[in-house]
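Here the structure is laid out as structure tokens; the discussion comes afterwards.
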Amino acid sequence: MTEAPAPVLPAAAFQRRLLEWFDDHGRHDLPWQQARTPYRVWVSEIMLQQTQVTTVIPYFERFMARFPDVAALAEAEQDEVLHLWTGLGYYARGRNLHKAARAIVAEHGGELPVEVEALAALPGIGRSTAGAIVAQSSGERAVILDGNVKRSLSRLHAVAGWPGRLAVERRLWALAEHYTPHERLPDYTQAMMDLGATLCRRGTPECRRCPFADVCVAHARGEERRFPESKPKKALPTRVTRMLLLRDGQGRVLLEQRPASGLWGGLWSLPQFDDEAALQAWLDVHAPASRLEAPRPAFTHVFSHFRLEITPQPARIERLDAVGEARRWYDPESPDAIGLAAPVKALLSELRTFSLSAPPGP
DNA sequence: CAAGCGTGGAT
DNA sequence: TATCCAAGCTT
């Protein structure tokens, strides 16, 4: 049984060092730091979950231009929200953001609540995100513990064990709680994230510039890279699928909406089948007049938890009526504002340059 | 508590 | 090229 780590500094000294560093070296011009409203902070925090700042910025700008406030987001169709989320990944974030906006209109009079409890009750907002929203947009005291803070605090105190384990996470929350001030909450919160993102990085920490180098236990041992401990790894399983590229006489492609949850939930995708037989059986029922072409070469798409081996299966049909509710014809030349799975989007953009009936190269 | 969820950056 | 994993949350 490991002892709970003692703080390396009194809270006041820690805050003083951190904020002094932040004033000179922190980030002060991120898009969501301008016109800092609870709504803008909320959207940014959701987009930033498991996603790097440079990736988020263009998505954030487009999202804000289209949905400047909670009301605009609540009134939108989910399809349009997912359209703006296309390529960002973890689409449950977009679905939950949209759901939460409607809940805020229905239950909070259209104003984002700025208390941790009320925020964490909304879909997609957990303990750390709720803390970040409160601290940054209201200035009230709230504690965060995101990946940056976990990394910095585990190194500073050489906290052993993977932070995914409850006991380890509890220690880190206790340390975060200890250091959090009652003043300058937006700056302190941003400073903790900046420290982890710009100095106390995963692979190449810059301890020479760190305001805590002299008290950092991991640094004293020369073992910065060993903290935080990484998640126990498992082999990636491979799943196999066929994607039907059914085109009609006008060059439009048949899309299918994915189930509301799970992989690419709510997004539009090419119809997928486990094998050729299942695909053929579907065609026999829904598009008996179609002509199957030679499959295009398979490619592998790697996800966090599995590999997906995709074989694109081109087919043609003159016309197909009654596509039903969860299907639509889609013209790659004039795309609709709908959410498209990234590999599907890539395949469809290929259609614009290559002929399906004469695939290029060996 | 483990599994599930995406994409792109860094090494 | 392969691997790890980033401002986590939900089931």
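Numbers restart at 1 for each chain; the letters A, B, ... are given by sequence-line order, proteins then strands. These numbers come from a predicted model, not from an experiment.
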Return the value, rounded to whole Å, for the distance between atom [atom1] of [X] and atom [atom2] of [N].
X      : N      : atom1 : atom2 : answer
A:L199 : C:dA7  : CG    : C1'   : 17 Å
A:L195 : C:dA7  : CG    : P     : 12 Å
A:K234 : B:dA2  : NZ    : P     : 7 Å
A:Q190 : C:dA7  : CD    : C1'   : 9 Å
A:I125 : C:dT10 : CD1   : P     : 9 Å
A:L97  : C:dT10 : CG    : C1'   : 15 Å
A:L236 : C:dC5  : CG    : C1'   : 12 Å
A:E45  : C:dG8  : CD    : P     : 9 Å

CD/A:E20: more than 12 non-hydrogen atoms of other groups inside 6.0 Å: no

Strictly by modelled atom types, are [X] and [Y] linked by a side-chain donor-acceptor pair under 3.5 Å?
X      : Y      : result
A:D79  : A:W268 : yes
A:R201 : A:T204 : yes
A:Q272 : A:R258 : yes
A:D29  : A:Q33  : no
A:H286 : A:W282 : yes

Say we look at [N] and [M]: how far apart would their [atom1] atoms be, to the nearest angstrom?
N      : M     : atom1 : result
C:dA6  : B:dG6 : C1'   : 12 Å
C:dT10 : B:dC1 : C1'   : 13 Å
B:dA3  : C:dA7 : P     : 23 Å

For the pair A:R93 and A:E45, find out whether any cationic side-chain nitrogen is under 4.0 Å from an anionic carboxylate oxygen. no

Going by an N to O cut-off under 4.0 Å, is there a salt bridge joining A:R296 and A:E350? yes

Which ring pair (Phe, Tyr, Trp, His ring centres under 6.0 Å) pairs, counting each pair once, include a residue from residues 93-141 of chain A, with sequence neighbours left out? none

With sequence neighbours excluded, what pairs up with A:R202 under the salt bridge (charged side-chain N to carboxylate O under 4.0 Å, His left out) test? none

Which nucleotides of nucleotides 4-11 of chain B have their base under 4.0 Å from a protein heavy atom (B), which only their sugar-phosphate (S), and which neither (-), written as one string 5' to 3'? BBBB-B-S

Counting any heavy atom closer than 4.0 Å, what does [X] reach on the DNA or RNA strands: base, sugar-phosphate only, or nothing?
X      : value
A:W85  : nothing
A:S230 : sugar-phosphate
A:V53  : base
A:L30  : base

Using a strict heavy-atom distance below 4.0 Å, which residues from residues 128-158 of chain A are in contact with DNA chain B? none

Given Watson-Crick and G-U pairs under 3.5 Å, DNA chain C in dot-bracket ([ ] crossing, | other strand) is .|||||.||||

Does A:K233 place a side-chain N or O at less than 4.0 Å from the phosphate oxygens OP1/OP2 of C:dC5? no

According to a hydrophobic-cluster definition based on side-chain heavy atoms being under 4.5 Å apart (Ile, Leu, Val, Met, Phe, Trp, Tyr only), do A:L82 and A:Y90 belong together? no

Salt bridge (charged side-chain N to carboxylate O under 4.0 Å, His left out) contacts in which one or both residues fall within residues 110-122 of chain A, not counting sequence neighbours: none

